[in-house]
Q: 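Handing you a structure now.
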Amino acid sequence: MHKWTAIVGVESALFLSLLLWWLLGGTDAVVTPDAALSSAKAAASIEVRRFDTASGNVDRSASQPASEVAPPSVGEVRDLVLFGTVRDFEGRPIDGAEVILDRDGVYAMGRAAANGAYATPGLTEGAWALRCAAEGFATQTRELHVDARAWQRLDLVMRPWHRVLVRIQDPQGAPFASGIQGPGIGTQPTFVATREPIVGRLPPTSSMSIERFGAGEWHPFDRSSEPAAKDARARGFAGELLLGEDPPLHAAMLLRHLVLLSQRIEPGQTELVFTLDPAEFRAAFGTVKLRLLDGSTSAPLAGISLSCQTSQGGGAAGTTDERGCATLEHVLPGPGTLISWMLQVPLEHLVIPVEVPSGEVLDLGDITLTSAVNLRGRLVDAQGGAVRNASVRCVNLDIRDPIQATSGSREAKSDGDGRFEWSGAGHHRYLASASASEGDLCGFAVVDARSGTAPEVEIRMVPGTRVSVTASTDSRAYHWIALLADGVPIARVRFGAADRQGVLHVPPGEYALHVFDEQRKIVHSAPLPIGRKPLAIEVP
């Protein structure tokens with residue numbers, strides 16, 4: 001999935017917002033539809049630009065005065081503008097509220113001025129996902145259809161968060177944090193609120209924790225430097241649940257995706273107290289055991305540092321003893337990646353995806369590491385020219401199934417001649433995936449290093465196609481989506497409790513779409529030809 005560029009349409013969005021504020025007087029005066037529309041048109045007549053966050057390109061070809069904009073025909077790409085006001089339930093404007101729209105990995109943003117007026121340019125006709133966020137107010141999300149009109153008004157009303165302080169204590173009433181300190185844990189419980197109680201657990205997540213789910217968000221105080229947060233922490237509160245709905249609701253204490261405790265939030269309630277035995281909390285973590293061997297001599301590898309990480313890093317750590325054995329304790333349950341960069345010895349780097357069971361031992365047995373191989377290649381465009389400063393990631397196809405995570409893998413950069421070198425590979429087959437922000441290019445190739453050497457490969461880079469994948473039913477029914485080309489998994493999306501949509505970026509071609517459940521069984525499979533136009537699909 002492409003990362004959102006830090007500045008989203010900054011020239012157009014900022015210009016529009018500032019001009020709206022200036023033209024409307026910079027006051028809290030009520031904004032009439034005609035005044036807002038005329039002001040938005042005046043601002044946008046300077047220049048409206050469409051910004052593609054994946055490529056970083058600004059399309060100036062469509063810029064023109066608003067008075068010259070003719071109604072576009074259905075399906076025609078035009079710079080459409082959404083405008084309006086953002087206010088609270090009392091009708092007061094919300095200064096600084098962000099209105100963000102997302103469609104197939106392309107974002108557009110507007111920021112409300114002091115009088116609540118906003119304008120979001122750079123839109124095209126069709127369905128968009130809208131998100132409105134402001135400090136102190138519940139984040140609002142909705143699906144929005146933008147029609148062919150050049151100027152379209154949407155006024156938004158936001159509600160303040162309902163704040164509930166949460167205290168965690170041990171059975172003796174002491175603050176729970178004092179009972180869980182220790183090497184390798186690196187996490188604390190998080191909390192979510194839902195309309196109905198969570199039965200069992202949430203779908204596994206590749207992230208370290210789930211903090212935005214259901215009816216609100218969890219904000220721990222140990223990450224905040226605000227005086228109010230420090231004061232609440234001093235009074236024994238671990239954090240606060242910010243609720244976007246009024247109670248009654250149900251709060252659940254989580255360790256990643258596992259439900260440890262739950263209780264009801266009553267109407268008007270502003271504090272919760274959870275009592276948890278530190279020993280029971282520790283017992284929910286998993287343990288990973290293994291033995292590392294040198295593939296050339298079969299000798300044990302001693303003194304090798306290991307870590308079991310989530311997609312956000314962190315995690316438990318350990319070191320192999322004289323027998324090559326290591327035991328990693330207090331490992332977060334769920335998906336992770338076992339990693340060790342073999343810097344001390346000339347062997348392949350260890351990157352193994354794992355699924356760690358809660359309260360159990362995952363014994364990986366003997367892991368034999370081969371001598372290191374360097375993978376080399378060259379990135380070229382459609383005309384055979386060098387593609388510079390592109391990223392290349394290599395994933396071991398011999399130990400990765402179509403749904404396994406790729407966290408922990410390193411990347412190489414192509415030089416001025418388009419050449420790259422990826423060190424630390426082993427005697428395996430690898431998928432080399434390359435991407436370049438300039439031109440929105442991507443490409444891939446399979447590299448066979450099983451003989452101990454690898455041929456230099458050429459990866460032809462072409463403009464990629466965005467494939468937006470959305471869960472159309474309860475995401476607990478399935479968790480992985482994989483795109484296969486000639487039987488090789490080249491791209492994947494993992495659905496979790498808070499992740500119902502993902503974006504794949506692949507070259508046009510013939511693919512197979514596979515949907516997997518938690519037991520790694522294929523529950524849906526279909527051919528998926530991908531052309532040059534962005535594609536949106538719903539997983540059944």
Q: Within 45° of the ring axis of Phe237 and under 6.0 Å from its six-membered ring centre, is that where the NZ or CZ of Arg167 lies?
A: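 Yes.
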
Q: Thr205 and His257: side-chain donor and acceptor closer than 3.5 Å?
A: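 The answer is no; no qualifying pair exists.
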
Q: What do you reckon, is CZ of Arg532 surrounded by more than 12 foreign heavy atoms closer than 6.0 Å?
A: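 Open: at most 12 neighbouring heavy atoms sit under 6.0 Å from CZ of Arg532.
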
Q: Side chains of Glu538 and Thr470: do they bring a donor and an acceptor to under 3.5 Å?
A: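 Their side chains do not contain a donor-acceptor pair, so the 3.5 Å distance test is not met.
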
Q: Could you check Thr190 against Glu211 for side-chain hydrogen bond (donor to acceptor under 3.5 Å, both in side chains), going step by step and ending with a plain yes or no?
A: CA-CA 6 Å; Thr190 60; Glu211 299 182 356; 5.7 Å; no

Q: Please state whether the rings of His330 and Phe285 are parallel, tilted or perpendicular, taking 30° and 60° as the class boundaries.
A: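 Ring orientation, 0 to 90° scale: perpendicular.
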
Q: Is the count of non-hydrogen atoms from other residues, nucleotides or ligands lying under 6.0 Å from Arg195 atom CZ greater than 12?
A: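 Count over threshold, so yes.
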
Q: Minimum heavy-atom separation for Ser414 to Arg388, with atom names?
A: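 Of all heavy-atom pairs spanning Ser414 and Arg388, the closest is OG-C, 3.3 Å.
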
Q: When you check the side-chain N and O atoms of Lys413 and Ser391, is any donor under 3.5 Å from an acceptor?
A: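 Yes, because at least one side-chain N or O of Lys413 sits under 3.5 Å from a partner of the opposite role on Ser391.
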
Q: For Asp222, is there an ion pair with Arg233 - N to carboxylate O distance below 4.0 angstrom?
A: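 The answer is no: the pair does not qualify as a salt bridge.
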
Q: Work out which heavy atom in Leu272 is nearest to a heavy atom in Ala251; give both atom names and the distance.
A: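 Smallest interatomic distance, heavy atoms only, reads CD1-CB, 3.7 Å.
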
Q: Going by the side-chain hydrogen bond (donor to acceptor under 3.5 Å, both in side chains) test, which pairs reach into residues 356-374, not counting sequence neighbours?
A: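 Found Arg291-Asp366, Glu348-Thr370, Ser371-His427, Asn374-Glu421.
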
Q: Judged by modelled atom types alone, do Asp448 and His428 share a side-chain donor-acceptor pair under 3.5 Å?
A: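 Absent: no donor and acceptor within the cut-off.
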
Q: So which atom in Ala372 and which in Gly424 form the shortest heavy-atom distance, rounded to 0.1 Å?
A: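 Shortest heavy-atom separation between Ala372 and Gly424 comes out as CB-CA, 4.4 Å.
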
Q: For a quick test of reading the model, state the closest non-hydrogen atom pair linking Val354 to Thr337 and the distance between them.
A: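 Of all heavy-atom pairs spanning Val354 and Thr337, the closest is CG2-N, 4.3 Å.
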
Q: Anything under 30° is parallel, anything over 60° is perpendicular, the rest tilted; go ahead and classify Phe444 against Tyr511.
A: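 Rings of Phe444 and Tyr511: tilted, as their planes differ by 30° to 60°.
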
Q: Under 6.0 Å between ring centres, would you say that holds for Phe191 and Phe274?
A: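 Judged by ring-centre distance (under 6.0 Å), Phe191 and Phe274 do meet the cut-off.
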
